[in-house]
**Student:** 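Sharing a structure here in structure tokens format.
Residue numbers start at 1 and run along the sequence shown.
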Amino acid sequence: KEFKRMVLKERLRVFLDMQHVKAISPIAMCCLLAEIYRCREFDKSTVRLNGSYPDDTRVRARLVACGFFRLLKIRDPHITTRTTYPREYIPFESHNITRGDCAENLKIALLGGDRKLTDRASKSLYKALTEGMTNVLNHAYPKSAPASKKGFIRLRNRWWMVGHFDEQKNELHVLLLDQGIGIPKSLTEKYTIGWLVSVLQKSAPTLFPSSQNLQVGDAGLIRAAMEVGRTSTNQPHRGKGLPQMRDFIENLHDGKLRILSRFGEYVYFGNGQKEALTNHSDSLDGTLVHWTFPLSAVEAQVEAQGHGE
């Protein structure tokens with residue numbers, strides 16, 4: 001938040017000193033790339049943002065792979081790149097339209113062309129990602145929203161996507177981020193709080209028991225969006241919303257879907273565990289959708305297809 005304030009509001013030149021960075025999470029990577037992208041787009045004629053190479057060779061390789069140095073327009077450090085699959089990081093994608101080819105390219109870039117999914121798993125991954133992109137276009141940047149928030153410009157309809165393989169945990173990560181108004185605000189502009197509370201009490205009575213003073217918070221509003229998306233429209237490419245984005249995890253019967261928006265966090269587990277909701281004291285600028293699934297679950301899909309299932 002500090003460097004975007006200095007670049008976007010104070011118009012200062014900023015140097016990102018990455019020398020002593022020892023680790024960076026997929027979420028931090030995605031948010032960092034998006035903020036750098038926004039700062040670079042803000043004033044293309046002036047280089048206000050620069051950075052350095054990390055001493056840690058693994059962090060350096062990760063930053064090269066995802067396109068960090070390319071985004072800063074500085075030369076990639078010389079490293080030996082990984083050529084085996086699955087890849088640890090792949091170059092980030094950013095667009096302001098729904099790009100179905102990005103979903104397919106991400107799957108191939110992460111897993112390689114030889115690793116196939118069943119038709120069902122492949123289609124549900126494609127639908128999850130493209131629905132996420134379409135959700136951004138339909139809801140994250142409404143025309144009524146101001147072009148900036150607290151002095152920070154919004155790049156209308158813009159989303160960012162990052163793919164990552166965690167070798168230690170044997171997990172694949174796909175992240176989709178926007179810098180829009182957030183799910184809670186988008187939802188409450190269309191529906192009353194009272195009606196949304198009634199939806200939650202009907203669909204998840206254990207999480208939201210009957211109470212006149214029930215406070216659902218932003219996490220509860222994200223959970224409500226899961227229900228609203230089921231019935232809000234019958235149009236073929238709209239209205240599936242968050243439930244469609246959850247289908248991939250359901251089809252794998254493993255992994256999790258994590259959504260952070262404004263002050264809320266919602267997690268859906270694909271292995272039968274209960275949902276988790278958390279309201280935080282700090283706010284995310286926009287919405288982050290994070291799919292995590294074990295490589296073993298993907299391989300089980302491949303094995304099942306090999307046996308004709």
Side-chain angles (χ1 to χ4, degrees), residues 1-21 23-54 56 59-79 81 88-99 101-102 105-106 109 129 132-133 136-137 140-141 145-164 173-182 260-261 283-290:
K1 290 186 176 181
E2 281 299 304
F3 84 77
K4 76 174 182 181
R5 175 184 58 80
M6 296 169 73
V7 173
L8 298 176
K9 297 180 73 172
E10 300 179 13
R11 306 290 186 91
L12 299 174
R13 296 179 184 272
V14 175
F15 184 82
L16 299 176
D17 185 0
M18 307 294 288
Q19 182 179 1
H20 301 296
V21 175
I24 182 167
S25 71
I27 289 179
M29 181 77 81
C30 191
C31 292
L32 178 62
L33 291 168
E35 289 300 353
I36 293 173
Y37 189 104
R38 173 159 59 174
C39 288
R40 299 291 295 193
E41 286 291 306
F42 172 68
D43 190 352
K44 294 182 179 180
S45 63
T46 304
V47 179
R48 299 185 185 277
L49 198 57
N50 210 326
S52 61
Y53 302 139
D56 188 287
V59 173
R60 194 184 313 166
R62 290 172 179 173
L63 294 177
V64 169
C66 71
F68 174 84
F69 299 108
R70 171 170 53 89
L71 191 56
L72 282 176
K73 301 189 184 303
I74 60 178
R75 179 177 55 84
D76 280 342
H78 177 72
I79 60 168
T81 57
E88 187 173 22
Y89 271 101
I90 62 172
F92 80 97
E93 292 274 2
S94 179
H95 298 283
N96 56 9
I97 59 174
T98 296
R99 289 283 301 268
D101 59 321
C102 287
N105 292 342
L106 179 139
L129 295 177
M133 299 170 195
V136 171
L137 305 186
Y141 302 92
S148 63
K149 177 184 177 183
K150 297 180 180 179
F152 300 128
I153 62 166
R154 284 192 173 109
L155 301 177
R156 188 165 296 279
N157 292 343
R158 177 65 55 177
W159 52 261
W160 294 262
M161 186 166 65
V162 169
H164 167 61
H173 297 255
V174 180
L175 300 95
L176 186 70
L177 172 73
D178 70 68
Q179 295 174 336
I181 63 172
L260 295 127
S261 192
S283 174
L284 177 73
D285 182 16
T287 296
L288 176 73
V289 181
H290 182 187

**Student:** Between Trp159 and Thr98, is there a donor-acceptor pair closer than 3.5 Å when you use the side chain of the first and the backbone of the second?
**Tutor:** no

**Student:** If I take atom SG from residue Cys39 and atom CZ from residue Arg5, how far apart are they, to the nearest 0.5 angstrom?
**Tutor:** 11.5 Å

**Student:** For a 4.5 angstrom cut-off between non-hydrogen side-chain atoms, does Ile27 reach Leu175?
**Tutor:** yes

**Student:** Mind checking whether His173 and His164 have parallel, tilted or perpendicular rings, split at 30° and 60°?
**Tutor:** tilted

**Student:** Are the side chains of Pro26 and Val162 in touch, meaning some heavy atoms are under 4.5 Å apart?
**Tutor:** no

**Student:** Do Met18 and Phe69 have side-chain heavy atoms sitting under 4.5 Å apart?
**Tutor:** no

**Student:** Between the side chain of Tyr141 and the main-chain N/O of Gln179, is any donor-acceptor distance below 3.5 Å?
**Tutor:** yes

**Student:** Salt bridge or not for Asp285 and Arg38, using N-O below 4.0 Å?
**Tutor:** yes

**Student:** For the residue pair Ile90 and Leu106, establish whether any side-chain heavy-atom pair is separated by less than 4.5 Å.
**Tutor:** yes

**Student:** Do the side chains of Leu72 and Leu49 get nearer than 4.5 Å, heavy atoms only?
**Tutor:** yes

**Student:** If you round to the nearest 0.5 Å, how far is NE2 of His290 from CG of Leu260?
**Tutor:** 9.5 Å

**Student:** Can we call the ring centroids of Phe92 and Phe68 under 6.0 Å apart?
**Tutor:** no

**Student:** Please give me the minimum heavy-atom distance between Pro54 and Val59, naming the atom from each residue.
**Tutor:** CG-CG1, 3.8 Å

**Student:** Can you sort out the partners of Ser25 under side-chain hydrogen bond (donor to acceptor under 3.5 Å, both in side chains), two or more places apart, ordered by chain and number?
**Tutor:** none

**Student:** I want to check something: taking the side chain as every heavy atom from C-beta on, are Arg99 and Met161 in contact at a cut-off of under 4.5 Å?
**Tutor:** no

**Student:** As an exercise, state the distance from NZ of Lys4 to CG of Leu32, rounded to the nearest 0.5 Å.
**Tutor:** 12.0 Å

**Student:** Spell out, as yes or no, whether a donor-acceptor pair under 3.5 Å connects the side chain of Arg70 to the backbone of Asp76.
**Tutor:** no

**Student:** Hey, could you give me the CG/CG distance between Asp178 and Leu288, rounded to the nearest 0.5 Å?
**Tutor:** 9.0 Å

**Student:** Apply side-chain hydrogen bond (donor to acceptor under 3.5 Å, both in side chains) to Asn50 and list each qualifying residue two or more places apart in sequence or on a separate chain.
**Tutor:** none

**Student:** Over all heavy atoms of both residues, which pair between Leu8 and Phe152 is shortest? Give the atoms and the distance, please.
**Tutor:** CD1-CD2, 3.8 Å

**Student:** Is a side-chain donor or acceptor of Arg13 paired with a backbone partner of Arg48 at a separation under 3.5 angstrom?
**Tutor:** no

**Student:** Determine whether a donor-acceptor pair (N or O, by modelled atom type, separation under 3.5 Å) exists between the side chain of Ser261 and the backbone of Gly182.
**Tutor:** no

**Student:** Within the 4.5 Å heavy-atom criterion, are Cys31 and Trp160 side-chain neighbours or not?
**Tutor:** no

**Student:** Can you check side-chain contact (heavy atoms from CB on, under 4.5 Å) on Val289 and Val174, steps first, answer last?
**Tutor:** CA-CA 8 Å; Val289 181; Val174 180; over 6 Å; no

**Student:** Mind checking the CZ-CZ spacing from Arg156 to Arg154? Nearest 0.5 Å is all I need.
**Tutor:** 8.5 Å

**Student:** I would like to know whether Cys66 and Leu33 meet side-chain contact (heavy atoms from CB on, under 4.5 Å); could you show each step before the answer?
**Tutor:** CA-CA 9 Å; Cys66 71; Leu33 291 168; 4.0 Å; yes

**Student:** Looking only at heavy atoms, which two atoms of Gly51 and Ile74 are closest? And how far apart?
**Tutor:** O-CD1, 3.6 Å

**Student:** Would you indicate whether the side-chain heavy atoms of Glu35 and Phe3 approach each other to under 4.5 Å?
**Tutor:** yes

**Student:** As an exercise, state the distance from CG of Leu129 to CE of Met133, rounded to the nearest 0.5 Å.
**Tutor:** 5.5 Å

